Amino acid sequence: MGKEDNEEKGHPHPIAIVINDIASIFSEMGFSVESGPEVETEHYNFDVLNIPKDHPARDMWDTFWLKDNKLGQLLRTHTSPVQARYMEKNKPPIRIIAPGKVFRYEATDATHEAQFYQIEGLAIGKDITLAHLKGVLEVFFSKFFGKKMNIRFRPGYFPFVEPGVEVDISCFKCSPSKILEQNLGGQGQDGKICGVCKGIGYIEIMGAGMVHPYVLNQVGIDPRVYQGFAFGTGVDRLAMLKYGIDDIRLFYQGDLRLINQF
């Protein structure tokens, strides 16, 4: 047995695994993967996305601003600036996803971190509707979780889309279809309340909607000709759901007991 056979081999981080899986699935649907700077400008992070200065919507993103900052620079609070930058330089049709690290000034707990990874998607073209968004998401989540997933939309507010929707996926553990058939009221077949969806049968998973005409105008795309959808969700949340990890902080503590499982 050679020396190299006794050496400990490295393991991919679960976040990296999930990002690669997401990119692979969307690539099969014709989406390209794009990236942008983590240190962003106020213009791309807020203004161009229909979140002007002093607008109450900015309270939705607790922002890290750079010290002694005269250029309006910040640590990006979402990967939406990647979409804006891409639309400025490229003409429709557009199909991209933008994975990357984002930063929020907030207290950490089992489900919140000051740094985390986000994945956003964008499709711009002629005659694109919410029905296309639903179809894309059904394919993605079904492939990601390895079983048929149902999608439902609920009204939601995000400044850069109109209309905006909250996206729920069917619970992959207790199966809403079986719940409805058996009238179990959000219970699994063993009669216990599902620990994943808390007995609802669906899991809130992302925000989405049709790109706001204001945003299209800001990046030089005529909203009278083109329209499209955008969506965004946390990569960490997807990893927690897929692998049964109950604390987001575990991803960033460097504990090899977690990493070595992958």
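The figures that follow rest on heavy atoms only: side chains count, while hydrogens, waters and symmetry mates do not. No experiment lies behind these values; they were computed from the predicted model shown.
- The side-chain heavy atoms of Leu49 and Tyr44, taken from C-beta on, include no pair separated by under 4.5 Å.
- With Phe103 as the aromatic partner, Arg76 does not meet the cation-pi criteria of under 6.0 angstrom to the ring centre and within 45 degrees of the ring axis.
- Contact of the Glu38 side chain with the Leu75 side chain is not registered, since no non-hydrogen atoms from C-beta on lie closer than 4.5 Å.
- Of the possible donor and acceptor atoms, none in the side chain of Ser24 sits under 3.5 Å from a partner among the backbone N and O of Asn20.
- Atoms NZ and CZ, from Lys147 and Phe141 in turn, are 14.5 Å apart once rounded to the nearest 0.5 Å.
- Expressed to the nearest 0.5 Å, how far CD of Glu28 lies from NZ of Lys143 amounts to 4.0 Å.
- Between Tyr226 and Asp127, the side chains place no donor N or O within less than 3.5 Å of an acceptor N or O (distance only, hydrogens not considered).
- Between Asp47 and Lys53 there is no salt bridge, since no side-chain nitrogen of the basic residue lies less than 4.0 Å from a carboxylate oxygen of the acidic one.
- With Thr63 contributing its side chain and Trp65 its backbone, the two residues share no donor-acceptor pair below 3.5 Å.
- Between Ala230 and Val161, the closest heavy-atom pair is CB-CG1, 4.4 Å.
- Sorted by first and then second residue, the side chain to side chain donor-acceptor pair (under 3.5 Å) pairs involving residues 92-108 (not counting sequence neighbours) are Lys101-Gln115.
- The side-chain contact (heavy atoms from CB on, under 4.5 Å) test with Ile124 singles out one residue from Leu216, Asn90, Ile96, and that residue is Leu216.
- Counting only distance, with no hydrogens or angles, the side chain of Asn45 and the backbone of Thr77 share a donor-acceptor pair below 3.5 Å.
- Ring to ring, Phe262 and Phe251 are not that close: their centroids are 6.0 angstrom or more apart.
- The shortest heavy-atom contact between Met210 and Ile128 is CE-O, 3.2 Å.
- Using a cut-off of 4.0 Å between Lys/Arg side-chain N and Asp/Glu carboxylate O, Glu40 and Arg85 are scored as salt-bridged.
- Both Ile97 and Ile25 are members of a single hydrophobic cluster when ILVMFWY side chains are connected at heavy-atom separations under 4.5 Å.
- To the nearest 0.5 angstrom, Leu258 atom CG is 11.0 Å from Tyr243 atom OH.
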> Under the ring-ring contact (aromatic ring centres under 6.0 Å, His included) criterion, do Phe231 and Phe26 qualify, and how do the steps go?
Replying inline: CA-CA 13 Å; Phe231 58 84; Phe26 277 106; 5.6 Å; yes
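- To the nearest 0.5 Å, the span separating CG on Leu137 from CD1 on Ile169 amounts to 10.0 Å.
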Donor-acceptor pairs under 3.5 angstrom involving side-chain atoms of residues 29-36: please list them, not counting sequence neighbours.
from	atom 1	to	atom 2	distance (Å)
Ser32	OG	Glu34	OE2	3.2

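- Considering all non-hydrogen atoms of both residues, Ile205 and Thr233 come closest at O-OG1, 2.5 Å.
- Across all non-hydrogen atoms, the minimal contact from Ser142 to Met149 is OG-N, 3.0 Å.
- Heavy-atom minimum distance, Thr79 versus Glu120: OG1-CG, 2.9 Å.
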